[in-house]
Amino acid sequence: MSEVAGEKAGTVVADDAGQGPSGFVLMAVGCLLCARLDVTDPRLGAFVAPALLIGVGFALTVSSVTAVALGSVPPRLAGMASATTNMLRDLGFALGPVVVGAVALSGAGSAFATNLSGTVLPAAEAAAAREIAATGGPLAVNSLPPGAPGSAAHSLALDALGSGFSTAFLVCAAAAAVAAALTAFGMIGLHTGDPARDGVPSPVSPGHSGRAEPAAGAARP
């Protein structure tokens, strides 16, 4: 009975691990679709499919990581495994937006400087846009109200922001693809019926036949 339970537990861990690569692949595809969005299109229809792919992929990945982490350790270490996965997840929530935002705004700043130097704008408008971008980046130029100094470069700032965030989504897609490849590589040779490999303690100790031993106080012939 214990051996059957161990085999079932190992199978469940392997099945949960199999969701990881598929979740990363879905997130990579969703990020690639986001990178191709038209920044001048205000409609939300084109954003629905990429958002669903990223959301479903994230759900599959998080659930499989949690299930594998809890199923790969003895029951007495389940709390430690759960705390570790929660800590890593919170670290990703805190670090991910910072890194992605830095990549997007850095690329947008470079693209805006290139666009501004290659376009024909009144000298006063170009100088004002350049000063505002030096202080707040293209995001500040994009937020200027109509008629304000530098507002003539609004379209240049919007295009630069679109280019920067497209680059950021490409970085996210590449990271998700690498994670999917690493997860798939880590699953090579995974024996679903091997409780010891899946982190489930073997119910029979080495050298033990599994047969019930006679009681210590049993009468002997």
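Note that the structure is predicted; figures quoted are calculated from it, not measured.
The side chain to side chain contact (heavy atoms under 4.5 Å, CB included) test applied to Arg36 returns no partner, not counting sequence neighbours. Under the salt bridge (charged side-chain N to carboxylate O under 4.0 Å, His left out) criterion, Asp41 pairs with Arg43, not counting sequence neighbours.
The side-chain heavy atoms of Leu139 and Leu161, taken from C-beta on, include a pair separated by under 4.5 Å. With contacts defined as side-chain heavy-atom distances shorter than 4.5 Å, the pair Leu121/Leu156 qualifies. Within the 4.5 Å cutoff, no side-chain heavy atoms of Val29 are placed close to those of Ile54.
Of all the heavy atoms in Ala128 and Gly150, the pair that sits closest is CB-N, 3.7 Å.
For the side chain to side chain contact (heavy atoms under 4.5 Å, CB included) criterion with Met27, the lone passing option out of Leu32, Thr61, Leu53 is Thr61.
Remark: Asn86 CG to Phe93 CZ distance equals 9.5 Å, nearest 0.5 Å. In this structure, OG1 in Thr84 is found 10.0 Å from CG in Leu77, a value given to the nearest 0.5 Å.
Between the side chain of Ser163 and the backbone N or O of Asp159, no donor-acceptor pair lies under 3.5 Å. Panel note: side chain Ser117, backbone Thr114; a donor-acceptor pair is recorded below 3.5 Å.
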Decide side-chain contact (heavy atoms from CB on, under 4.5 Å) for Arg89 and Val62; before the verdict, give the C-alpha distance in whole Å, the side-chain angles of both, and the deciding distance to 0.1 Å.
-> CA-CA 8 Å; Arg89 189 181 305 121; Val62 171; 3.5 Å; yes

